[in-house]
Amino acid sequence: MRFFVASTLIAAASAFAPAVPRTAAPLRPSSSSSSSSLDASKCGSYDFDVIIVGCGVGGHGAALHSRAQDLTTAVFSGKDVGGTCVNRGCVPSKALLAASGRVREMKAEQHLEGFGIRVEGEVKFDREGVANHAKQLANRVKGNLEGSLVALGVDIVDGRGVLTGKPNEVKDESSGKVYTAKDIILAPGSIPFVPLGVTVDEKTVYTSDGALELNSVPEWVAIIGSGYIGLEFSDVYTALGSEVTFIEALPNIMPTFDREIAKQAERLLIRERPIDYRTGVFASEVTPGVPGEKPVTIKMIDAQTKEHVETLEVDAAMVATGRVPNTSDMGLKESGIETSRGFVAVDEKMRVLTKHDDGEVVPGVYCIGDANGKMMLAHAASAQGISAVENICGRSHEVNHDAIPAACFTHPEIAMVGPTEEQAVEKAAAEGWTLGKSQGSFRANSKALAELEGNGMAKVLYNKDTGKVVAVHIIGIHAADLIQECANAVAAGTTVQELSMMVHTHPTLCEVLDEAFKGAVGMSAH
């Protein structure tokens, strides 16, 4: 079975680009104590064709594509195969959302009565069981990723990789051993950002890393930040019985979302739940408490005047204020690479630049994923990794970040691709084209109504002059799955005229999009 999976991965990665003559070593058995790619490499004076520093989703994607191009490849995993996404992010958080979502559904008596279903007695859950579901999923996915690397003949170095300051060299920080490669891809990922004044103990005051452990379900938890991470955890906590208070520094709750979608999200995800919020304030000082004995203390100041406005005492506080690059102490400065707030400058081909303003290309060094700051999403990192390998192979490639979708896995979900409507208005004005807008509603969708999930909308933004889709924003049941059709349309430059004539299965949720596409050209959807 593992051989079949590996073969499928090779075929899929090879399909990314046409085959070209290569001089690298052919596929070979996985490394062991008696056989390594140092012996098998055909890449001249180098140990490997490609070394990848970091083994998250981005590094893994780059490694798969590198091997599909017959390049000898090593990955420095830092004993963290899967990285943040698999071990402390996207994957385990989805497990918590799935389990807590079931609890929410079973407690929603009025919703169940609509189906003619009644749950007798109290709905109970095992906190440790829910937490174990997340851990087991993360371990399973991590094992699958590691297995795929071994099956494809990727050498996995357990230590953390750092640049030595000399071209083509990466040092294993643990052993001190230096490895060489023609090309190096930096994929170190990111870590949670903790603002000054916030003390984290990962027990009563914690980042997303600690929250995923689900060591407790606090009666009252403050979430500092109302972006994707904060929203998803508010969904988990309220489903399991917590009250939540958001603390947001910017004037609006959910500041990075399209404003029309954010307003609907506020109604569906906040007002109908035991959630309140403070906006325009900083959590200037957060002091951990003692579970069951002493509360967490949060002092808040006005974001503009910096004057103290309120002090909260809660059972727990989650810090969800974003992430910062994990690039410290990895030899960047010694290699002549300047960072800005930890971010590594790259060009559109993922080649590292010496600095952000008018920097020069550093030969043979690429940087992908959160560390370059272009788009801090796991699947964006993977796309960038594939793109970097394409450029290493001499096939010019640039990632279209406007066509990369994103999703927030709340109940209901939020998903988007392209700019917000506010950003699109500015873009249209600056570039001299007319912005069009069309909407579809879940309230008129048969499948959504069958699920008693009629709340939500899909908004399509398009260029009226060319008909091309610019952006799509969705809030509603399974929005995260629906957005892919829209991302493909943006990537392919498909027009609303073309989309309006494409047949969508009936009855399905994707007919919400069909309604929006048809509406853009003056057609009606039944």
Side-chain angles (χ1 to χ4, degrees), residues 190-198 200 205-208 211 220-235 237-238 243-286 296 298-312 314 316-325 340-343 370 373-377 401 406-410 413-427 459 461 471 473 475:
S190 63
I191 56 177
F193 170 64
V194 179
L196 290 173
V198 177
V200 171
V205 179
Y206 40 77
T207 64
S208 55
W220 183 12
V221 57
I223 299 179
I224 304 169
S226 60
Y228 293 79
I229 298 171
L231 271 182
E232 288 187 352
F233 272 95
S234 76
D235 201 283
Y237 282 127
T238 55
E243 294 183 6
V244 171
T245 296
F246 278 114
I247 298 173
E248 174 57 57
L250 294 173
N252 295 313
I253 196 81
M254 295 172 279
T256 60
F257 291 82
D258 178 276
R259 293 321 305 158
E260 187 174 12
I261 296 295
K263 288 178 181 177
Q264 285 220 22
E266 182 178 352
R267 177 174 63 84
L268 297 174
L269 302 175
I270 294 180
R271 291 182 191 169
E272 295 183 0
R273 297 176 180 178
I275 300 177
D276 65 356
Y277 58 83
R278 315 285 194 274
T279 56
V281 294
F282 286 121
S284 61
E285 185 178 334
V286 180
V296 173
I298 303 174
K299 294 181 180 179
M300 291 179 283
I301 60 173
D302 186 275
Q304 299 299 321
T305 67
K306 303 300 185 290
E307 294 180 357
H308 178 265
V309 292
E310 186 180 1
T311 297
L312 284 181
V314 295
M318 178 182 175
V319 184
T321 48
R323 302 182 65 82
V324 292
S340 175
R341 294 178 293 114
F343 290 104
D370 289 2
K374 283 186 173 291
M375 199 172 207
M376 298 177 80
L377 296 170
H401 291 90
C408 184
F409 293 84
T410 46
E413 296 173 345
I414 305 170
M416 67 290 293
V417 63
T420 64
E421 183 174 349
E422 295 74 26
Q423 293 167 337
V425 168
E426 293 180 2
K427 183 179 176 70
K459 174 168 65 174
L461 304 175
H473 297 268
I475 179 169

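Remember, predicted model here, so these are calculated numbers, not experimental data.
In terms of modelled atom types and a separation under 3.5 Å, the side chain of H473 and the main chain of P419 share a donor-acceptor contact. When atom types are taken as modelled, the side chain of E232 and the backbone of F409 share a donor-acceptor pair closer than 3.5 angstrom. Between the side chain of S284 and the main chain of K299, a donor-acceptor pair closer than 3.5 Å is present.
Contact of the M318 side chain with the I229 side chain is registered, since non-hydrogen atoms from C-beta on lie closer than 4.5 Å. Side-chain contact check for T311 versus E285: every heavy-atom pair is 4.5 Å or farther apart. Counting heavy atoms from C-beta on, the side chains of Y206 and V221 come closer than 4.5 Å. Between I191 and V324, some side-chain heavy-atom pair lies under the 4.5 Å cut-off. Considering only heavy atoms from C-beta on, S208 comes within 4.5 Å of R323 through its side chain.
Across every non-hydrogen atom of E266 and I253, the tightest pair is OE1-CG2, 3.9 Å. Shown here for A406 and L377, the closest heavy-atom pair between the two residues is CB-CD1, 3.8 Å. Closest approach of V314 and A222 over heavy atoms only: CG2-CB, 4.2 Å. The two residues Y237 and A211 come nearest to each other via the heavy atoms OH-CB, 4.0 Å. Considering every non-hydrogen atom in both F246 and S234, the closest pair reads CZ-CB, 3.5 Å. Scanning both residues, A407 and M416, for their nearest heavy atoms gives N-SD, 4.4 Å.
Atom CE of M376 and atom OH of Y228 lie 12.5 Å apart (nearest 0.5 Å). Taking OG1 of T321 as the start and CD1 of I247 as the end, the distance is 11.5 Å to the nearest 0.5 Å. Rounding to the nearest 0.5 angstrom, the gap separating the OG1 atom in T410 from the CD1 atom in I475 is 6.5 Å. Taking NZ from K263 and CZ from F257, the interatomic distance works out to 15.5 Å, rounded to the nearest 0.5 Å. Atom OH in Y277 sits 6.5 Å away from atom CD1 in I270 (nearest 0.5 Å). To the nearest 0.5 Å, atom OG of residue S226 and atom CZ of residue R278 are 13.5 Å apart.
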Worked check of side chain to side chain contact (heavy atoms under 4.5 Å, CB included) between I414 and L269: CA-CA 11 Å; I414 305 170; L269 302 175; 4.0 Å; yes

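Sorted by first and then second residue, the salt bridge (charged side-chain N to carboxylate O under 4.0 Å, His left out) pairs with a member in residues 415-427 read E421-K437, E421-K459, K427-E431; sequence neighbours excluded.
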